[in-house]
K.L.:
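Submitted below is the structure of interest, expressed as structure tokens.
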Protein chains: 2
Amino acid sequence: MLAFETHDHQACVKTRVAAVEMQARARKLRLTPIRRRVLEILLEDHRALGAYDVLAKLEAEGLGAHPPVAYRALDFLVEHGFAHKLERRNAFVACDHPDAGHRPAFLICRDCAAVAEADSAGVARALAQTASGAGFEIETAAIEAEGLCPACQIAAP
Amino acid sequence: MLAFETHDHQACVKTRVAAVEMQARARKLRLTPIRRRVLEILLEDHRALGAYDVLAKLEAEGLGAHPPVAYRALDFLVEHGFAHKLERRNAFVACDHPDAGHRPAFLICRDCAAVAEADSAGVARALAQTASGAGFEIETAAIEAEGLCPACQIAAP
DNA sequence: GCTAGAATGTAATATCGTAACACTTATTTG
DNA sequence: CAAATAAGTGTTACGATATTACATTCTAGC
């Protein structure tokens, strides 16, 4: 639950960008300057950011001023498992474990928008069982809890 | 998993509106004509409808032509447990079990938008356990699976 | 009937997201 | 290497989703 703990964030961003770079190379994906910068922007917080928040930062740096620029980069990151979309917030967050194809559960703080990934295996299993009883074939599952992170429980009681 | 089975839908709508009416009376809520009609619109399909879909139907019947009309009625229904919002789709669906305060899991067909409610107790328990390990205090959880309903598995293989 | 609170009507605008097409840059292939 | 192809980017325009604010009307309770 990395996001809720203090840690050396500079280093954290660096190692995680490096990890994605490696993954990208291995999978022959192009981590272009815009995509890389969007990933960094997401990593700089462990927070949920809207597409237009990301776009504003890009724009301030002269990297593209129109919505499709942000959406395309975000779509790329999401598609390849380097970021996730939070459906409840129409927002995006960098992935904690940049291995492709996982779909974690999310714990989202309603106060500070910090986001932690949680293992969804148990949850997914329970869901799959229910679905199969109905003859429903699950393709993807979004599991998003909202509430208060430890810090905000103290700050705003 | 009512939504995926054939049934007498006329009767289904009628009994469910009646159930909500009783609930509303018991809880001193005002099920006004607009709110009632929006509920019926949602019940007429067991499908996910966008706010603007609902609004279009209201408009065609002369019941209000501006977005807040639809959103206010939908918010009322959601707030009191007579409908749910599907975050992944920015859409709404009538509640299967109009008792207040429950938060089911959803099985949403990507093809026909049929929606079934599934028991979320097991899923919620698994999630709560993970969260408590992180010191995170869950207030609400959205659990939404997307895939193919039985009918659409046959229709579109 | 009066009044307070709830609900509705309406305009304007914010926020989120995409289609379409021109152009540039990278990769493949003859 | 050059041409052909594919992938990525720049830009315009628009569509879809949602809210704020304020005026007006309705309703319940006195």
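Labels below follow one simple rule: chain letters A, B, ... track the order of the sequence lines, proteins then strands, and each chain is numbered from 1.
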K.L.:
Does a side chain donor of either R125(A) or Q129(A) reach within less than 3.5 Å of an acceptor in the other side chain?
P.N.:
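Their side chains do not contain a donor-acceptor pair, so the 3.5 Å distance test is not met.
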K.L.:
Taking only the side-chain nitrogens and oxygens of H66(B), find out if one of them lies under 4.0 Å from OP1 or OP2 of dA11(C).
P.N.:
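Indeed, a polar side-chain atom of H66(B) lies that close.
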K.L.:
Would you please test D119(A) and T130(B) for side-chain contact (heavy atoms from CB on, under 4.5 Å) and show each step?
P.N.:
CA-CA 8 Å; D119(A) 178 53; T130(B) 310; 5.5 Å; no
K.L.:
Report the relative orientation of the aromatic rings in F82(B) and F76(B); use parallel for angles under 30°, tilted for 30 to 60°, perpendicular for over 60°.
P.N.:
tilted
K.L.:
F92(A): which residues meet the ring pair (Phe, Tyr, Trp, His ring centres under 6.0 Å) condition with it, sequence neighbours left out?
P.N.:
none
K.L.:
So, is T32(B) near the phosphate of dT8(C), with a side-chain N or O under 4.0 Å from OP1 or OP2?
P.N.:
yes
K.L.:
Report the distance from atom CG of L74(A) to atom C1' of dT9(D), rounded to the nearest whole Å.
P.N.:
15 Å
K.L.:
Can you tell me how far P of dG9(C) sits from CD of E59(B), to the nearest Å?
P.N.:
12 Å
K.L.:
CG of L55(A) versus P of dG10(D): gap in Å, rounded?
P.N.:
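For the pair L55(A) CG and dG10(D) P, the rounded distance is 11 Å.
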K.L.:
What is the distance from CG of L58(A) to C1' of dG8(D), rounded to the nearest Å?
P.N.:
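About 15 Å, once rounded to whole Å.
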K.L.:
Which letters describe nucleotides 16-30 of chain D, given B = protein heavy atom under 4.0 Å from base, S = only from sugar-phosphate, - = neither?
P.N.:
-BBBBB-----S---
K.L.:
With a 3.5 Å cut-off and no angle check, do the side chains of T140(B) and R88(A) form a donor-acceptor pair?
P.N.:
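There is such a pair between these side chains.
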K.L.:
Does the salt bridge (Lys or Arg N to Asp or Glu O under 4.0 Å) test come out yes or no for R37(A) and E44(A), once each step is laid out?
P.N.:
CA-CA 10 Å; R37(A) 186 69 194 113; E44(A) 270 156 24; 3.2 Å; yes
